[in-house]
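The structure under discussion appears below in the form of structure tokens.
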Amino acid sequence: AAPADSPQFWTAPPAWSAQPSPQPQAPQPNQQWDDLMSRHAAPPPSTSLLTRNRYTAITAGIAALYLVLAVAAHIALIGILPVVMSRRAFRAKEPLAIASAVIAGICLVLALASLIR
């Protein structure tokens with residue numbers, strides 16, 4: 001015979017059966033929609049043109065530096081850096097990404113033309 005205070009394996013302990021297990025709560029549909037919209041929404045209109053087109057501005061700055069080096073010091077650099085920055089502008093979905101591609105293309109053509117001459 002088992003002592004009176006020994007555990008019995010055929011019944012659940014009181015601590016387990018006294019509290020129901022908590023049920024996981026699914027996120028509300030509006031919360032999911034708000035999270036999605038906050039991640040993929042357009043920047044607020046208060047941001048400046050330079051902030052929204054950061055990589056385009058960097059591309060224009062690098063191209064200007066290349067042109068100054070080509071004119072002042074007669075050093076022609078192949079414009080791979082403006083092309084890479086232009087690609088980043090497209091990946092960031094900047095409004096002026098096409099302008100960065102045009103700037104990078106002009107820089108590349110001018111560098112190749114000065115090397116051929």
Side-chain angles (χ1 to χ4, degrees):
D5 60 347
S6 68
Q8 297 177 354
F9 295 109
W10 56 87
T11 60
W16 291 353
S17 61
Q19 296 177 348
S21 62
Q23 297 295 323
Q25 294 181 354
Q28 299 298 323
N30 291 340
Q31 179 185 359
Q32 289 177 344
W33 179 256
D34 291 341
D35 291 344
L36 180 69
M37 289 307 292
S38 67
R39 280 186 271 148
H40 298 289
S46 63
T47 59
S48 69
L49 183 69
L50 187 64
T51 304
R52 287 184 305 227
N53 297 294
R54 178 177 31 170
Y55 295 118
T56 302
I58 293 171
T59 302
I62 293 171
L65 180 67
Y66 279 10
L67 292 176
V68 166
L69 282 174
V71 171
H74 301 290
I75 299 173
L77 298 173
I78 305 255
I80 192 69
L81 194 55
V83 172
V84 170
M85 295 309 290
S86 174
R87 181 171 179 259
R88 290 189 74 180
F90 275 100
R91 294 183 97 193
K93 294 181 173 49
E94 292 183 359
L96 295 179
I98 293 174
S100 72
V102 170
I103 292 169
I106 291 171
C107 187
L108 186 62
V109 167
L110 289 176
L112 291 175
S114 66
L115 286 176
I116 292 173
R117 222 184 336 147

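All values reported here derive from a predicted model rather than from experimental measurement. Every heavy atom of this structure was used, including side-chain atoms; hydrogens, water molecules and symmetry mates were not.
Scored by the side-chain contact (heavy atoms from CB on, under 4.5 Å) test, Ala92 finds Tyr55, Glu94 as partners (sequence neighbours excluded). With sequence neighbours excluded, the residues satisfying side-chain contact (heavy atoms from CB on, under 4.5 Å) with Leu67 are Leu110. Shown here are the side-chain contact (heavy atoms from CB on, under 4.5 Å) partners of Leu50, two or more places apart in sequence or in another chain: Ser48, Ala57. In this structure, the side chain to side chain donor-acceptor pair (under 3.5 Å) partners of Ser86, at least two apart in sequence or on a different chain, are Ser100. Every side-chain contact (heavy atoms from CB on, under 4.5 Å) that Leu81 has, sequence neighbours left out, goes to Ile62, Tyr66.
Grouping Ile, Leu, Val, Met, Phe, Trp and Tyr residues whose side-chain heavy atoms lie under 4.5 Å apart, directly or via other members, leaves Ile103 alone, with no other cluster members.
Residue Arg87 holds its CZ atom at 12.0 Å from CE of Met85, rounded to the nearest 0.5 Å. Note that CG of Asn53 is 4.0 Å distant from CG of Leu96, once rounded to the nearest 0.5 Å.
Of all heavy-atom pairs between Ala97 and Phe90, the closest is O-CE1, 3.3 Å.
The number of heavy-atom neighbours closer than 6.0 Å to CG of Leu112, taken from other residues, nucleotides and ligands shown, is above 12.
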